Amino acid sequence: MPKYELETMRHSASHVMAEAVMRLFPDAKLGIGPAIEDGFYYDFDLPRSLTEDDLEKILELMKESIKAKVPFEREEISRQEAERLFADQPYKLELLRDLPEDVPISIYRHGSFVDLCRGPHVENTGDLRWDSIALQSIAGAYWRGDEKRPMLQRIYGTLWHSKQELRDYLARLEELAKRDHRWLGRDLDLFSLHEEAGAGLVYWHPKGGRVRTIIEDYWRKRHVEGGYDIVYSPHIGRSWLWETSGHLDFYHDSMYAPMDIDGQDYYLKPMNCPFHIMIYRSRTRSYRDLPLRWAELGTVYRYERSGVLHGLLRVRGFTQDDAHIICTPEQIEDEILGVLRFPGHVASHGLCRCGRLPVDAARKGGGRALPVGSGDAVTATRPGDRRADMRWMRGGAFYGPKIDLKIRDALGREWQMTTIQFDFNEPERFDMVYVGDDGQEHRPYMVHRALLGSIERFFGLLIEHYGGAFPVWMAPVQAVIIPITDRHVAFGREVESKLRAAGLRAELDASNDRMNAKIRAAQLNKVPYMLVIGDREVEDGAVSVRLRSGEDLGAMPVEAFLSGAKAIDDARDNQRLWKAEA
RNA sequence: GCCCACGUAGCUCAGACGGUAGAGCACGUUCUUGGUAAGGACGUGGUCACGGGUUCAAUUCCCGUCGUGGGCUCCA
């Protein structure tokens with residue numbers, strides 16, 4: 001058993017690092033320095049920018065401190081003493097002043113370094129191992145996460161129990177980085193982005209297009225089965241639409257500048273909802289029509305600040321798998337539960353964990369004045385309440401409580417995918433009504449929901465999830481036919497058309513590379529099946545099947561491969577069935 | 001948007017006190033016709049991101065813009 005929790009050691013390491021920085025920059029102002037998931041950081045206000053060389057020096061100084069086994073000493077002091085002690089540390093003073101009155105002020109010293117800190121820490125710096133610490137990067141970070149406050153320099157470090165653990169961790173990071181969709185997308189010829197054609201705009205290549213088609217076909221099929229109707233709407237709309245929805249007021253920073261058409265302002269759509277509402281308003285609706293479930297693969301354009309764009313995961317034009325459910329207050333619970341149970345398969349990992357919060361919130365709130373939610377549910381008050389609107393917007397919710405689902409990428413960052421959001425605002429703004437069984441007009445409830453989130457982001461994470469090796473049913477190329485010499489190409493074409501006729505995405509590699517090179521190319525493209533054909537196969541009407549796992553299944557008649565591959569396709573499990581058959 | 005770094009062939013990268021550049025892979029031609037992860041030869045390919053400035057001369061130095069990477073803030 002290690003003597004200390006990693007968290008304690010990491011926090012101590014951040015103090016040791018801060019001490020080292022203070023020795024290099026005696027005038028440094030200290031921010032905060034907590035332990036984080038895999039390491040620690042410390043924020044500094046320094047007279048100049050740090051460089052990679054500085055990191056080496058800092059690590060050297062940390063090493064000295066660790067070798068000297070300097071004891072950590074805890075001390076509780078009065079507020080006045082603390083203010084005196086940190087008189088030249090404005091950020092510490094600010095933290096101090098924000099501490100509640102009844103909290104005792106504790107400080108930790110080791111050597112000449114002293115920090116306002118709750119602890120705990122290791123006994124002495126010698127409890128850390130200098131060879132299991134790495135300083136990873138220098139980054140900018142706003143003081144207290146507020147972009148209006150000064151930007152400090154943050155040093156990220158990582159610490160483990162042993163040198164080996166550190167090595168393993170760094171190796172793991174490298175391994176994960178290999179799954180990065182940005183490089184896989186290029187190597188597998190799935191998509192591209194072009195600086196000269198505009199940042200954050202995605203070009204889907206034929207192979208990426210195949211995967212997207214499969215995702216969309218699947219999406220459409222499940223939605224129709226799930227009681228949704230598919231709708232289509234324009235990409236631009238007159239300013240009236242956005243004024244009415246409120247987007248022009250509250251979402252303005254994310255919208256592109258208007259274009260003048262015959263003296264009228266038109267805007268690229270950042271959202272699909274107002275269009276679906278227009279469809280709703282196109283005729284009188286009865287309670288007998290509800291619930292309405294309208295889905296659209298709607299492409300939206302949003303201005304994103306330049307620093308936040310990231311491959312497919314954060315772009316400026318993307319397609320949402322958007323849907324709006326318009327229902328009566330009585331139907332809302334069933335509708336939400338229906339979404340939570342939605343047989344989305346590809347998107348539904350973890351959906352069930354979301355609980356019943358919004359349903360309860362909606363019920364308690366009666367749909368007009370809502371209680372404050374917790375977690376990711378966003379506060380909502382009255383429709384039309386400007387302050388509340390703005391808060392929802394800033395919080396990322398349009399108009400009410402929501403459920404969000406986040407998935408981590410290869411680099412460990414979280415990205416929002418699924419979102420389910422109540423909207424008590426737009427029905428009001430657009431004066432949506434239905435005629436109830438009492439003959440009176442009533443206000444319907446509206447739910448926005450996207451399961452995949454955006455097709456682009458979903459695809460990016462899908463690439464990383466599979467490391468580019470898509471399961472057979474999604475693979476852009478399912479089988480590559482590899483003739484050994486030119487005289488086998490003719491038979492190769494026959495096989496190719498047979499497979500294609502059977503619905504398989506097969507391609508013939510007729511290049512004049514050697515077979516080995518063709519196999520290598522297919523491997524690198526992560527093609528599930530490689531079908532080698534030479535003299536023996538031509539004679540027998542067979543193919544030799546190699547899997548991307550490297551397994552060689554030997555020769556089999558083309559029909560046998562076909563039925564096997566189709567069965568595999570149906571089972572959505574490429575390798576196992578083959579092994580069972582083999 | 002902010003902090004730091006970066007931008008040389010499609011990709012990965014060399015390179016030069018400032019005197020307009022090179023490799024491997026990819027691509028093309030060609031020889032080779034090969035049994036499960038790279039056969040050989042030859043060749044095409046670059047306004048050294050873009051725009052200014054300094055200079056006899058800028059891809060190299062300075063400034064700006066655009067873009068990329070890692071963070072922060074923000075978000076599907």
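Per chain, numbering begins at 1; letters A, B, ... match sequence-line order. Please read these numbers as outputs of a predicted model, since none were measured by experiment.
- Among the heavy atoms of the strands lying under 4.0 Å from A:Arg186 are primed sugar atoms or P, OP1, OP2 only; no base atom is included.
- Using a 4.0 Å heavy-atom criterion, one finds that A:His488 contacts no nucleic acid atom at all.
- Applying the 3.5 Å distance criterion, the base of B:C74 shares a donor-acceptor pair with the side chain of A:Arg314.
- Remark: A:Arg149 is not in phosphate contact with B:C72, judged by side-chain N or O atoms under 4.0 Å from OP1 or OP2.
- No donor-acceptor distance shorter than 3.5 angstrom exists from the side chain of A:Lys269 to the backbone of A:Tyr301, with no hydrogens or angles considered.
- Distance check on atom P: B:C11 versus B:U47 gives 13 Å, rounded to whole Å.
- In this model, the phosphate group of B:A37 is not approached by any side-chain N or O of A:Gln523 to a distance below 4.0 Å at OP1 or OP2.
- Between A:Ala139 and A:Trp415, the residue anchored closer to the 5' end of RNA chain B is A:Ala139, taking for each the nucleotide with the nearest heavy atom.
- Atom CD of A:Glu174 has 12 or fewer heavy atoms from other residues, nucleotides or ligands within 6.0 Å.
- Counting non-hydrogen atoms under 4.0 angstrom, A:Arg144 reaches nothing in the nucleic acid.
- Looking at heavy-atom distances under 4.0 Å, A:Arg514 makes contact with a base.
- Atom CZ of A:Arg493 sits in a sparse spot, with 12 or fewer heavy atoms from other residues, nucleotides or ligands closer than 6.0 Å.
- Comparing B:U8 with B:G70, their C1' atoms are spaced 23 Å from each other, to the whole Å.
- Other residues, nucleotides and ligands place no more than 12 heavy atoms under 6.0 Å from the CD atom of A:Glu7.
- Listed pair A:Arg546 / B:A37 meets the phosphate criterion, a side-chain N or O lying under 4.0 Å from OP1 or OP2.
- Ring centers of A:Phe40 and A:Trp160: at least 6.0 Å apart, outside the cut-off.
- Across the C1' atoms, B:C56 and B:U44 are found 35 Å apart, a figure rounded to whole Å.
- Between the base of B:U73 and the side chain of A:Arg305 there is a donor-acceptor pair shorter than 3.5 Å.
- If you take atom C1' in B:U55 and the same atom in B:U20, they sit 16 Å apart, rounded to whole Å.
- Using a 4.0 Å cut-off, no side-chain N or O of A:Thr485 falls inside it from OP1 or OP2 of B:G34.
- No donor-acceptor contact under 3.5 Å links the side chain of A:Asn516 to the base of B:U36.
- Within 4.0 Å (heavy atoms only), A:Asn512 reaches at least one base atom of the nucleic acid.
- Side-chain atoms of A:Tyr142 come within donor-acceptor range of the base of B:G1, with a qualifying N/O pair under 3.5 Å.
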side-chain hydrogen bond (donor to acceptor under 3.5 Å, both in side chains) between A:His205 and A:Ser192, intermediate numbers included: CA-CA 7 Å; A:His205 295 199; A:Ser192 58; 2.7 Å; yes

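- Judged by distance alone with a 3.5 Å cut-off, a donor-acceptor contact links the side chain of A:Glu537 to the base of B:G35.
- Within the 4.0 angstrom heavy-atom criterion, no nucleotide atom of any strand lies near A:Ala450.
- An OP1 or OP2 oxygen of B:U68 is reached within less than 4.0 angstrom by no side-chain nitrogen or oxygen of A:His310.
- Nucleic acid contact class of A:Arg413 (heavy atoms, under 4.0 Å, all strands): sugar-phosphate only.
- Among the protein residues, A:Gly145 comes within range of the sugar-phosphate backbone only, with heavy atoms under 4.0 Å from sugar or phosphate atoms but none that close to a base.
- Within 4.0 Å (heavy atoms only), A:Gly453 reaches sugar-phosphate atoms of the nucleic acid but no base atom.
- A:Ser306 comes within 4.0 angstrom of a nucleotide base, judged by non-hydrogen atoms across all strands.
- For B:C72, the OP1/OP2 oxygens have a side-chain nitrogen or oxygen of A:Tyr156 closer than 4.0 Å.
- Remark: the separation of the P atoms in B:G1 and B:G18 is 34 Å, to the nearest Å.
- Atom C1' of B:U54 sits at a distance of 14 Å from the matching atom of B:U60, rounded to the whole Å.
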